[in-house]
Amino acid sequence: MSATRWWVAGVVGVMVSVAGCGGATEDAPVAESATSSVVATPLAEKPWDPCTIPDSAVEAAGLDVGSKSTNLFGEAPLSTDWMTCIWTDPEPGSWYFLGMFSGFHSLDDLRRNDRFGQFSKVDDLGGYQFLRADRPSGRSCGMAFEVEKGLVYFVLDTRAASEPAIDPCVEIENIARTTRASLPPISS
């Protein structure tokens, strides 16, 4: 299988992971009909868009600004629950792609997704590092932030035909540290 097909297969794996965080939540309260005249403030129609991170921050994080994409498979949204943005590290020698996802979900929703595990707090960043359970050890890493209006998380996946140049968790922490100021405020 060609390197491009392996890369696309990896992206598809991330997208399937994203889809696993959507949908109904067990034990969630069911909305009752309104009995008062109080009008609720509507939620934002869409989550924060990770593709709005300034190019200068993307470049400072070591990502290829020109590789930015919201969907590698056409114009249709990858998910109705998540805003997505995808970058690679620069050529020549690109060894990974990075997906960033933003949605009206919680860290607990992400933890309940069996495709992710081994969450650990990164105190100085205010986020949580995690691994993809469906990827071989040392080939993928994630970082999640609970923000005021949901969750933002990154997933770094090594291209199938490439060996990691450094530990993916070290690289994703560097990316998160560099782009953190461009993300929505962390929830308190």
Side-chain angles (χ1 to χ4, degrees), residues 1-22 47-51 53 57-74 76-79 81-103 105 107 109-120 122 125 127-145 151-180 182-183:
M1 187 178 266
S2 73
T4 301
R5 285 186 184 174
W6 278 110
W7 186 76
V8 169
V11 171
V12 169
V14 169
M15 297 314 123
V16 169
S17 297
V18 168
C21 287
W48 170 78
D49 183 357
C51 284
I53 292 177
V58 171
E59 187 172 35
L63 300 168
D64 179 5
V65 172
S67 70
K68 177 169 68 174
S69 173
T70 58
N71 185 343
L72 300 176
F73 309 107
L78 293 173
S79 168
D81 290 346
W82 298 93
M83 296 292 291
T84 60
C85 203
I86 303 162
W87 295 272
T88 64
D89 58 324
E91 293 287 350
S94 177
W95 62 273
Y96 68 83
F97 64 92
L98 178 100
M100 188 180 297
F101 309 89
S102 173
H105 297 279
L107 182 63
D109 293 331
L110 198 64
R111 286 178 189 241
R112 282 191 290 269
N113 186 326
D114 62 0
R115 292 181 181 95
F116 304 117
Q118 300 182 35
F119 286 80
S120 60
V122 181
L125 276 175
Y128 293 82
Q129 193 173 86
F130 61 91
L131 299 177
R132 281 189 50 193
D134 60 348
R135 296 283 293 177
S137 178
R139 308 265 319 156
S140 181
C141 196
M143 180 72 70
F145 296 95
L151 184 74
V152 173
Y153 76 94
F154 305 53
V155 173
L156 184 150
D157 278 320
T158 304
R159 293 175 181 246
S162 300
E163 286 301 315
I166 64 172
D167 180 334
C169 289
V170 170
E171 183 70 2
I172 202 159
E173 191 170 321
N174 291 337
I175 292 167
R177 204 170 293 287
T178 305
T179 59
R180 179 67 196 98
S182 300
L183 302 181

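Quick note: numbers below take in every heavy atom, side chains included, and nothing from hydrogens, waters or symmetry partners.
Taking Glu91 as the reference, nothing meets the salt bridge (Lys or Arg N to Asp or Glu O under 4.0 Å) condition, with sequence neighbours excluded. Applying the side chain to side chain donor-acceptor pair (under 3.5 Å) criterion to Ser94, with sequence neighbours excluded, gives Asp89, Arg159. Arg180 is linked by a salt bridge (Lys or Arg N to Asp or Glu O under 4.0 Å) to nothing, counting only residues two or more places apart in sequence or in another chain. Evaluation of the side chain to side chain donor-acceptor pair (under 3.5 Å) rule for Ser102 yields no partner, not counting sequence neighbours.
Residue Leu125 holds its CG atom at 5.5 Å from CE of Met143, rounded to the nearest 0.5 Å. Distance check, rounded to the nearest 0.5 Å: SG of Cys85 to CZ of Phe154 gives 11.0 Å. For the atom pair CD (Gln118) and SG (Cys141), the distance works out to 9.5 Å, reported to the nearest 0.5 Å. To the nearest 0.5 Å, atoms CE (Met100) and CE (Met83) are separated by 12.5 Å. Note: Asp157 CG to Thr88 OG1 = 13.0 Å, rounded to the nearest 0.5 Å. Between Phe116 atom CZ and Asp134 atom CG the span is 7.5 Å, to the nearest 0.5 Å.
Aromatic ring orientation, Phe130 versus Phe119: parallel (interplanar angle below 30°, classes split at 30° and 60°). The aromatic rings of Trp82 and Tyr153 stand perpendicular to each other, their planes meeting at an angle above 60°, with 30° marking the opposite boundary.
The main-chain N or O of Leu156 is found under 3.5 Å from a side-chain atom of Ser140 such that the two form a donor-acceptor pair. For the pair Thr84 (side chain) and Thr70 (backbone), a donor-acceptor distance under 3.5 Å is present.
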Indicate every side-chain donor-acceptor pair of residues 169-177 with a distance under 3.5 Å to a residue at least two apart or in another chain.
{"residue": "Glu171", "atom": "OE2", "partner": "Tyr96", "partner atom": "OH", "Å": "2.8"}
{"residue": "Glu173", "atom": "OE2", "partner": "Arg177", "partner atom": "NH2", "Å": "2.6"}
{"residue": "Asn174", "atom": "ND2", "partner": "Val170", "partner atom": "O", "Å": "3.3"}
{"residue": "Arg177", "atom": "NH1", "partner": "Asp124", "partner atom": "OD2", "Å": "2.8"}
{"residue": "Arg177", "atom": "NH2", "partner": "Asp124", "partner atom": "OD2", "Å": "3.3"}

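Contact of the Thr158 side chain with the Trp95 side chain is registered, since non-hydrogen atoms from C-beta on lie closer than 4.5 Å. When side chains are defined from C-beta on, Pro50 does not count as touching Phe101, because their heavy atoms never get closer than 4.5 Å. The side-chain heavy atoms of Arg139 and Pro168, taken from C-beta on, include no pair separated by under 4.5 Å. You'll find the side chain of Asp109 stays beyond 4.5 Å of the side chain of Leu151, heavy atoms only.
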Side chain to side chain contact (heavy atoms under 4.5 Å, CB included) assessment of Ile53 paired with Trp48: CA-CA 10 Å; Ile53 292 177; Trp48 170 78; 3.8 Å; yes
Check the pair Asp81, His105 against side chain to side chain contact (heavy atoms under 4.5 Å, CB included), reporting the backbone distance first and the verdict last. CA-CA 9 Å; Asp81 290 346; His105 297 279; 3.6 Å; yes
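The nearest pair of heavy atoms linking Leu110 to Ala144 is CD2-CB, 3.8 Å.
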